Engineer: 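My structure is below; once you've seen it, I'll send some questions.
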Amino acid sequence: MSDKIGIYVCECGPNISGRVDIDRIIAEISNLEEFSDKELIVKPHKLLCSVGGKAFLEEEIKNNELTHLVCAACSPRDHDTTFINVCKKTQLNPYMYTIVNIREQCAWIIPDKEKATDKAIQYIRGGIDRVLYQEPLFEKQLESNPDVLIIGGGMAGLTAALVLAGKSRNVYLIEKTSILGGKAALFSEFLPHQSDIADLKNKIKEVENNQYIRIFRNTELEKIVGFLGNFEIVLKQNQTGDTTDLLAGAVILANGYELMDARELDNFKYTDADNVFTGLEIEEMLTSQGKITLRSGEKPRSAALIHCVGRKEAGYCSQVCCNYLLKTAGYLLKQVPGIEIIDLHQDLCQPHTEDQAYFESFKEKGMQFCRVQEVALDGNKIEYVNMAGEKKEIAPDMVIIAPAMKATASNEALSALTSIDLHETGFFQEAHIKINPVSTKTDGIFIAGASRGPCDISEAMIQAQAAGGKILTQLIPGEKIIPEVKVSEILEAYCTGCKTCLDVCAYGAIYFDNERGISVVNEAICRGCGNCVGSCPSGALRSRHFTNLQLYQQVKEALR
Amino acid sequence: MKENPKILSFLCKWCSYTGADLAGINRMQYPTAILPIKIMCSSRVDPVFLIKSYLRGADGILVGG
Ligand SMILES: Cc1cc2nc3c(=O)[nH]c(=O)nc-3n(C[C@H](O)[C@H](O)[C@H](O)COP(=O)(O)OP(=O)(O)OC[C@H]3O[C@@H](n4cnc5c(N)ncnc54)[C@H](O)[C@@H]3O)c2cc1C
Ligand code: SF4
Ligand code: SF4
Ligand code: SF4
């Protein structure tokens, strides 16, 4: 079959036609010498993306039995998919089409109409040359499993489980310990302007009673392979060592945080015998014995709260500790009327609308707030330098500290299993802080809660709902998944098995086939970035829709 | 400077290609010397492309990613 190339130049109303000479484009492209052995059909259209324009294109492709199609129009970001969908209604394989951007990157940036026309012609030539080297590609449809694995049964994990579980979707919730609720399970109260702590118990009950949620306690992830819609998972029960195999379509990492051990810091010296407690230890004490006491069992008559412990070393503000230290002060004031409390802070973080009033209410209760430049602890002796530069020493009965929230060892272990990157702080790295904050670089794996960075419960829940929402739109029960078609491939005949490409692929899309001694691209994971292509010393890697030849044709036309 | 330099520009579809579109949407003006080629990711640019491009007469190459 001889090549029949349809080239359609869109006027885009006055957007393109007002700034380039459409007639000259049609005339010059129709008479290009280098394509004289091919049949070119070159026509303008007022608005190719309109209903009429699409019908016109469809007719043209069918009636002229086109083998290749070039649309000279707007940016592919606007209408590439529009024209691909037109091709899908015809005999023409959509990958035998290309769009040439003569609007954003031509008509709109060159004020001189003649120069803009020259450039449009140059771009279109490049497009024709490229499309001639394109080859048909075929979409695959893969079955997808709508079920979701959630790692971590804290507030983030519980919230996500309730968003997702339903008649057509099972949730597998795995929790390393035997209890659900995460750190919040240790709390006596939430902040007063948040909900009642009973809500947590209700939430746990709701999860336990949901027939579509299967809870695995004392369980951790052992192995995971696969991609969006098709993850093969092995779980391991920590006590028995028993394993369970599961299939799921998506995963949420919600494995939380821990507190830094303040004793690792140079200026914080204390032992378990001292009356020095972390905020979390106070919560634990209150939950287990119903009251806050010194180690001797006596009531404290004075207490100091120390903020920002290890903040400088960690390199970030933990966002929640200012508030929970006040919550702890609230417990003390309730239990020991008249107790003297001093609050030593270098900074105060009050990110929510309710926080300021909450803080002010403690001033009214007679708590002393002191901003400090430095603070050091030795047992219950505190040495601090206030803002006037004066050095002070105090020795309250009880010291409550707020060590930085940090990533747990689970982050490292899960990063090794899932190949999700860690941020330099050890928390999980999101795909994009603004555009895609709960996604990761791997499709189908999401992050929510404090394993993604310090956050309070409201924020952990917002993130869990966002991740749940993403999954609801990406994994629709009964719908198949169509992976990227413009992927890379490895030509067996050239591959020497050097494994260079395995390290280069950021998505973990290449695996080594031991039997054949070559590397293989998993097309369901490959994003077609082409990173591997340039790295292969044997030239065995080929990017299917961005081949060396296709790009070289464009380079040649551009430099003509 | 050369009168009509040729600056080949390999633009990543996610960022720099989008940036070039944005320049157009804002009706910014830049020299016709810029010759854009869209790629899926700047990492696709094989060093051989650069050598071949210079050999074929490119005066400069921009890899945007
Ligand atoms: C003293 C203190 C008081 C606080 N008070 C409040 C408050 O009043 N209000 C508020 O909004 N915030 C408060 N916070 C912050 C709150 O603790 C966090 O925002 C919240 O716990 C984050 O929830 P999460 O689910 O992300 O993590 P977590 O609560 O840490 O839960 C993570 C869960 O994952 C499990 N897990 C870990 N690793 C694995 C693994 N590998 N496999 C399976 N499971 C795993 C853990 O066992 C845990 O159950 C306080 C924090 C502290 C330290
Ligand atoms: S939340 Fe408050 S105590 Fe915690 S690190 Fe930030 S400023 Fe310091
Ligand atoms: S880099 Fe090339 S030769 Fe080496 S394993 Fe990968 S495809 Fe094979
Ligand atoms: S094209 Fe990109 S995603 Fe695909 S195998 Fe190569 S490096 Fe990995």
Side-chain angles (χ1 to χ4, degrees), chain A residues 15 19 74-78 80 98-112 115-116 118-119 122-123 126 130 432 435 484 486-488 504-506 526-536 539 541 543-548 550-560, chain B:
Chain A
N15 279 315
R19 306 186 57 137
C74 51
S75 166
R77 294 177 349 109
D78 275 8
D80 204 22
T98 198
I99 189 166
V100 176
N101 182 350
I102 59 166
R103 195 179 71 177
E104 281 85 345
Q105 297 188 18
C106 179
W108 284 353
I109 52 138
I110 305 163
D112 181 310
K115 279 192 186 156
D118 287 343
K119 200 165 166 95
Q122 186 184 26
Y123 285 2
R130 186 192 204 286
H432 192 288
I435 303 170
E484 175 65 66
K486 296 173 281 199
V487 294
S488 292
V504 168
C505 177
C526 174
R527 304 281 185 91
C529 68
N531 194 4
C532 54
V533 181
S535 77
C536 174
L541 262 150
S543 164
R544 283 201 190 134
H545 203 60
F546 288 82
T547 62
N548 290 352
Q550 287 163 6
L551 292 174
Y552 183 55
Q553 292 308 318
Q554 280 186 287
V555 169
K556 256 180 22 188
E557 277 307 331
L559 297 175
R560 183 190 281 272
Chain B
M1 206 177 86
K2 233 171 127 175
E3 206 181 314
N4 289 314
K6 292 174 176 167
I7 316 287
L8 207 56
S9 312
F10 291 99
L11 304 181
C12 157
K13 80 170 229 184
W14 303 104
C15 54
S16 39
Y17 192 89
T18 309
D21 274 357
L22 206 59
I25 291 165
N26 290 312
R27 305 298 196 276
M28 288 176 175
Q29 287 161 25
Y30 53 81
T32 51
I34 303 285
L35 307 163
I37 293 179
K38 190 183 87 161
I39 44 180
M40 290 283 266
C41 165
S42 55
S43 67
R44 172 68 184 92
V45 178
D46 194 311
V48 177
F49 290 175
L50 307 185
I51 299 167
K52 277 298 276 187
S53 303
Y54 282 125
L55 288 173
R56 285 200 71 97
D59 296 298
I61 301 174
L62 178 89
V63 179

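Throughout, protein chains are lettered first and strands after them, A, B, ... in sequence-line order, and every chain is numbered starting at 1. Everything numeric here is computed off the predicted structure, so don't read it as measured data.
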Engineer: So which part of Phe10(B) gets closer than 4.5 Å to some heavy atom of chain A, the side chain, the backbone, both or neither?
Structural biologist: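 For Phe10(B), the side chain is the part near chain A, not the backbone.
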Engineer: First locate atom CZ of Arg130(A), then atom CD of Gln553(A), and finally report the distance between them rounded to the nearest 0.5 Å.
Structural biologist: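 Spacing of CZ (Arg130(A)) from CD (Gln553(A)) equals 10.5 Å.
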Engineer: Out of curiosity, Asp21(B) CG to Trp108(A) CH2, how far, rounded to the nearest 0.5 Å?
Structural biologist: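 CH2 of Trp108(A) is found 9.0 Å from CG of Asp21(B).
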Engineer: Determine the minimum heavy-atom distance between Ile99(A) and Cys74(A), stating which atoms define it.
Structural biologist: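 Reported closest heavy-atom pair: CD1-O, 3.6 Å.
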Engineer: Contact part of Ile61(B) toward chain A, heavy-atom cut-off under 4.5 Å: side chain, backbone, both or neither?
Structural biologist: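 Neither part; nothing is under 4.5 Å.
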Engineer: Arg560(A), Lys115(A), Lys556(A), His545(A): which one forms the most heavy-atom pairs within less than 4.5 Å of chain B?
Structural biologist: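 The option with the most such pairs is Lys556(A).
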Engineer: Check each atom of Tyr30(B) against the heavy atoms of chain A and say whether the ones under 4.5 Å are side chain, backbone, both or neither.
Structural biologist: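 When you check distances to chain A, atoms from both the backbone and side chain of Tyr30(B) fall under 4.5 Å.
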Engineer: Given that the side chain runs from C-beta out, which part of Ile25(B) has a heavy atom under 4.5 Å from chain A: side chain, backbone, both or neither?
Structural biologist: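 Looking at Ile25(B), backbone and side chain both touch chain A.
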Engineer: For each of Ser543(A), Ala107(A), Pro111(A), Cys532(A), tally heavy-atom pairs with chain B at distances under 4.5 Å, and name the one with the top tally.
Structural biologist: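 Counting heavy-atom pairs under 4.5 Å, the top option is Pro111(A).
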Engineer: Between Ile34(B), Val48(B), Thr32(B), Ile39(B), which has the largest tally of heavy atom pairs under 4.5 Å with chain A?
Structural biologist: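 Highest number of pairs under 4.5 Å: Thr32(B).
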Engineer: Just wondering, do Leu35(B) and Lys119(A) contact through their side chains at under 4.5 Å, heavy atoms?
Structural biologist: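 Lys119(A) vs Leu35(B): side chains touch.
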Engineer: Distance from Arg77(A) atom CZ to Tyr17(B) atom OH, nearest 0.5 Å?
Structural biologist: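 That separation rounds to 9.0 Å.
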Engineer: For the CZ atom of Phe546(A) and the CD atom of Gln554(A), what is their distance to the nearest 0.5 Å?
Structural biologist: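 It comes to 8.0 Å.
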Engineer: For chain A, which candidate among Gly57(B), Ser53(B), Cys12(B) shows the most heavy-atom pairs at distances under 4.5 Å?
Structural biologist: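 Heavy-atom pair counts peak at Ser53(B).
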Engineer: Heavy atoms, side chains only, cut-off 4.5 Å: are Asp59(B) and Lys6(B) in contact?
Structural biologist: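 Yes, close enough: below the 4.5 Å cut-off.
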Engineer: With a 4.5 angstrom heavy-atom cut-off, is it the side chain or the backbone of Thr18(B) that approaches chain A, or both, or neither?
Structural biologist: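 When you check distances to chain A, atoms from both the backbone and side chain of Thr18(B) fall under 4.5 Å.
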Engineer: Heavy-atom distance under 4.5 Å to chain B: side chain of Glu557(A), backbone, both or neither?
Structural biologist: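 No part of it gets close to chain B.
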Engineer: With a 4.5 Å cut-off on heavy-atom pairs, point out which of Asp78(A), Ile110(A), Val504(A), Asn548(A) contacts chain B the most.
Structural biologist: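 Maximum pair count with chain B is reached by Asn548(A).
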Engineer: What part of Gln550(A) is in contact with chain B, defined as an atom under 4.5 angstrom from a non-hydrogen atom: side chain, backbone, both or neither?
Structural biologist: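 Neither part, no heavy atoms under 4.5 Å.
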Engineer: Please classify the contact of Arg527(A) with chain B as side chain, backbone, both or neither, using a heavy-atom distance under 4.5 Å.
Structural biologist: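 Just its backbone gets close to chain B.
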Engineer: I'd like to know whether Leu551(A) forms a side-chain contact (heavy atoms from CB on, under 4.5 Å) with Phe49(B), so could you lay out the CA-CA distance, the side-chain angles of the two residues, the decisive distance to 0.1 Å, and finally the verdict.
Structural biologist: CA-CA 9 Å; Leu551(A) 292 174; Phe49(B) 290 175; 3.5 Å; yes
Engineer: For the CG atom of Leu50(B) and the CG atom of Leu8(B), what is their distance to the nearest 0.5 Å?
Structural biologist: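 Spacing of CG (Leu50(B)) from CG (Leu8(B)) equals 9.0 Å.
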Engineer: So which residue, Gln29(B), Met28(B), Arg44(B), Met40(B), ends up with the most heavy-atom pairs under 4.5 Å with chain A?
Structural biologist: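 Of the candidates given, the most pairs with chain A belong to Arg44(B).
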